[in-house]
Trainee: 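First the structure, then my questions, so here it is.
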There are 2 protein chains.
Amino acid sequence: MWIPIQIDDKSAEPLYHQIETQLRSLIISGNLAEGTLLPSIREFAGDLKCSVITVRRVYQDLEGEGLLRTRQGTGTFVSHVGDGAREEFRRETVRKALEAAVDAGRSVQFGREELEELFREMVKRKYGEEDNKGE
Amino acid sequence: MWIPIQIDDKSAEPLYHQIETQLRSLIISGNLAEGTLLPSIREFAGDLKCSVITVRRVYQDLEGEGLLRTRQGTGTFVSHVGDGAREEFRRETVRKALEAAVDAGRSVQFGREELEELFREMVKRKYGEEDNKGE
DNA sequence: ATTACTGTATATATCTATATACACAGTATA
DNA sequence: TATACTGTGTATATAGATATATACAGTAAT
């Protein structure tokens with residue numbers, strides 16, 4: 001099975017992290033349905049041109065997050081993520097990042113309005129084009 | 001001269017980073033006026049119970065950001081930060097953090113409204129108490 | 001049982017971040 | 001110039017993050 005993962009060699013972001021982020025997103029978004037058998041660590045490593053250890057780490061991490069289930073000798077599957085757990089997970093991910101951003105603002109004496117203004121700008125820039133081109 | 005820096009030994013945040021963040025905040029906020037002679041790296045290291053190298057790194061980093069000026073043999077001073085540069089600096093700091101947060105949201109398929117809602121919650125939680133106790 | 005797949009465990013290599021010691025060099029003043 | 005401060009440069013220690021090779025163990029089908 002083919003999983004669409006794009007690796008950027010020039011990025012400073014660690015290899016395992018790039019894979020994790022993208023695979024996680026595929027699962028959370030439902031692009032990989034519950035029960036899907038993922039490629040074996042060796043096959044996936046071949047596709048991604050990395051070692052099996054790196055793929056294994058990704059599978060292990062996502063299993064730790066409850067997104068995958070593994071059975072030795074059989075393979076690694078997309079596990080069932082209840083709506084509650086899925087929402088909790090999505091929310092926590094974003095909440096942490098937002099908290100860091102608000103803390104950053106406070107550390108340089110950003111006022112509430114000032115922060116909100118900059119946030120609106122960023123949202124517009126990042127979400128704004130979605131109506132035009134659906135990449 | 002005494003600089004109010006609080007070190008949390010239990011924190012996972014690196015020592016140099018805790019010092020940098022707080023000292024930067026003191027300068028940006030104007031609590032340390034332009035031209036102020038900071039403690040020597042040795043004196044400051046004594047206050048903070050860390051090595052002079054760590055203090056030096058802090059001074060060096062903040063000098064790189066244009067917040068400090070150093071003259072060998074004389075000392076390290078708070079440099080003049082023009083209003084433009086100060087605003088640019090504050091804005092960039094927060095902009096980066098906000099961008100990371102919005103990217104995190106998009107990576108888990110957060111919609112615009114959903115993200116804005118969570119942001120409002122966070123702002124309320126972090127800024128909300130300021131009317132009650134002025135710490 | 002043999003084969004050919006699965007994932008697992010251990011040990012290791014490499015790099016970066018963090019923190020340090022200590023010898024060196026500039027500055028100011030008596 | 002001697003002294004007593006300032007910051008600087010080099011070399012090093014330690015821990016954690018990142019990535020790997022290789023030998024091991026479970027599963028399923030022949």
Side-chain angles (χ1 to χ4, degrees), chain A residues 1-3 5 7-24 27 32 35-79 100, chain B residues 1-3 5-24 27 32 35-79:
Chain A
M1 180 182 193
W2 169 252
I3 308 287
I5 302 278
I7 300 302
D8 178 7
D9 293 308
K10 289 172 293 187
S11 170
E13 187 185 4
L15 184 52
Y16 85 97
H17 199 263
Q18 291 187 41
I19 303 171
E20 271 189 23
T21 302
Q22 294 180 51
L23 187 53
R24 185 185 297 115
I27 297 169
L32 286 173
T36 301
L37 174 60
L38 293 181
S40 78
I41 55 178
R42 280 168 251 264
E43 183 187 348
F44 212 171
D47 295 342
L48 297 171
K49 299 180 196 337
C50 70
S51 84
V52 294
I53 318 289
T54 299
V55 175
R56 190 195 173 231
R57 171 172 185 173
V58 169
Y59 281 3
Q60 230 171 359
D61 288 351
L62 295 185
E63 188 174 16
E65 295 175 8
L67 298 176
L68 296 179
R69 284 225 290 165
T70 269
R71 271 182 24 208
Q72 185 171 353
T74 305
T76 298
F77 303 82
V78 175
S79 70
Chain B
M1 182 184 190
W2 168 250
I3 308 286
I5 302 278
Q6 296 299 327
I7 300 302
D8 177 6
D9 292 310
K10 287 171 294 186
S11 169
E13 186 186 3
L15 184 53
Y16 85 97
H17 199 264
Q18 292 187 40
I19 304 171
E20 271 189 25
T21 301
Q22 294 179 50
L23 187 53
R24 184 184 299 114
I27 297 169
L32 287 173
T36 301
L37 173 61
L38 293 181
S40 79
I41 55 178
R42 280 167 250 265
E43 182 187 349
F44 211 171
D47 295 342
L48 298 171
K49 300 180 197 335
C50 70
S51 84
V52 293
I53 318 289
T54 300
V55 176
R56 187 187 176 240
R57 170 172 187 172
V58 171
Y59 281 3
Q60 231 171 358
D61 288 352
L62 295 185
E63 187 174 17
E65 296 175 6
L67 298 176
L68 296 179
R69 283 225 292 164
T70 270
R71 271 183 22 207
Q72 185 171 353
T74 306
T76 298
F77 303 83
V78 175
S79 70

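Residue numbering restarts at 1 for every chain, and letters A, B, ... go by the order of the sequence lines.
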Trainee: Locate the shortest heavy-atom distance separating B:Leu67 from B:Arg24; write the atom from each residue and the value.
Mentor: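 Closest heavy-atom pair between B:Leu67 and B:Arg24: CD1-CG, 3.5 Å.
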Trainee: What's the closest nucleotide to the B:Arg56 side chain, out of D:dT18, D:dT8, C:dA19?
Mentor: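 Of the candidates, D:dT8 comes closest.
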Trainee: A:Glu20 has an atom CD; how far is it from atom P of D:dA19, in whole Å?
Mentor: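 So the two atoms are 10 Å apart, to the nearest Å.
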Trainee: Residues two or more places apart in sequence or in another chain: which of them pass salt bridge (Lys or Arg N to Asp or Glu O under 4.0 Å) with A:Arg57?
Mentor: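 A:Arg57 satisfies salt bridge (Lys or Arg N to Asp or Glu O under 4.0 Å) with A:Asp61 once adjacent residues are dropped.
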Trainee: How many Å lie between CZ on B:Arg69 and C1' on D:dG7, as a whole number?
Mentor: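 Rounded to whole Å, this separation is 15 Å.
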Trainee: Indicate for each nucleotide in nucleotides 22-30 of chain C, in 5' to 3' sequence, whether protein heavy atoms under 4.0 Å reach the base (B), only the sugar-phosphate (S), or nothing (-).
Mentor: B--BBSS--
Trainee: Does B:Thr70 make a side-chain N or O approach to OP1 or OP2 of D:dG7 shorter than 4.0 Å?
Mentor: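 For B:Thr70, the contact criterion (side-chain N or O under 4.0 Å from OP1 or OP2 of D:dG7) is not met.
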Trainee: Without decimals, in angstroms, what is the distance between A:Leu15 CG and D:dT20 P?
Mentor: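 Going from A:Leu15 (CG) to D:dT20 (P), I get 6 Å.
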Trainee: Using side-chain contact (heavy atoms from CB on, under 4.5 Å) as the criterion, list what pairs up with B:Ser51, not counting sequence neighbours.
Mentor: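 In terms of side-chain contact (heavy atoms from CB on, under 4.5 Å), with neighbours along the sequence ignored, B:Ser51 is linked to B:Ile53, B:Thr54.
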Trainee: At under 4.0 Å, does any side-chain N or O of A:Thr76 touch on OP1 or OP2 of C:dT6?
Mentor: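 For A:Thr76, the contact criterion (side-chain N or O under 4.0 Å from OP1 or OP2 of C:dT6) is not met.
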Trainee: Taking side-chain contact (heavy atoms from CB on, under 4.5 Å) as the test, write out the residues that go with B:Gln22, two or more places apart.
Mentor: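 Per chain and number, B:Gln22 pairs via side-chain contact (heavy atoms from CB on, under 4.5 Å) with B:Ile5, B:Gln6, B:Gln18.
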Trainee: Specify the separation, in whole Å, of atom CG of A:Asp61 and atom P of D:dA17.
Mentor: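 Those two atoms, CG and P, are 12 Å apart.
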Trainee: B:Leu38 CG to D:dT6 P: how many Å, rounded?
Mentor: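 Interatomic distance, CG of B:Leu38 to P of D:dT6: 13 Å.
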Trainee: Tell me which pairs pass salt bridge (charged side-chain N to carboxylate O under 4.0 Å, His left out) where either residue lies in residues 36-45 of chain B, with sequence neighbours left out.
Mentor: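 Counting only pairs at least two positions apart or across chains, no salt bridge (charged side-chain N to carboxylate O under 4.0 Å, His left out) contact touches residues 36-45 of chain B.
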Trainee: What integer distance in Å separates B:Phe44:CZ from D:dT6:P?
Mentor: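 Going from CZ in B:Phe44 over to P in D:dT6 covers 14 Å.
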Trainee: Find the distance A:Tyr16:OH to D:dG16:P and express it as a whole number of Å.
Mentor: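 It works out to 15 Å between those atoms.
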Trainee: Starting at atom CD1 of A:Ile41, determine the distance to atom P of D:dC24, rounded to an integer number of angstrom.
Mentor: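 Rounded to whole Å, this separation is 17 Å.
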Trainee: Can you sort out the partners of A:Arg56 under side-chain contact (heavy atoms from CB on, under 4.5 Å), two or more places apart, ordered by chain and number?
Mentor: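 Per chain and number, A:Arg56 pairs via side-chain contact (heavy atoms from CB on, under 4.5 Å) with A:Ile41, A:Gln60.
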Trainee: Looking at CD of A:Glu63 and CZ of A:Phe77, how far apart are the two atoms once the value is rounded to the nearest 0.5 Å?
Mentor: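 A:Glu63 CD to A:Phe77 CZ: 11.5 Å, rounded to 0.5 Å.
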Trainee: Side chain of A:Thr54, heavy atoms from C-beta onward: which of D:dT20, C:dG7, D:dG7 has the nearest atom to it?
Mentor: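 The closest nucleotide is D:dT20.
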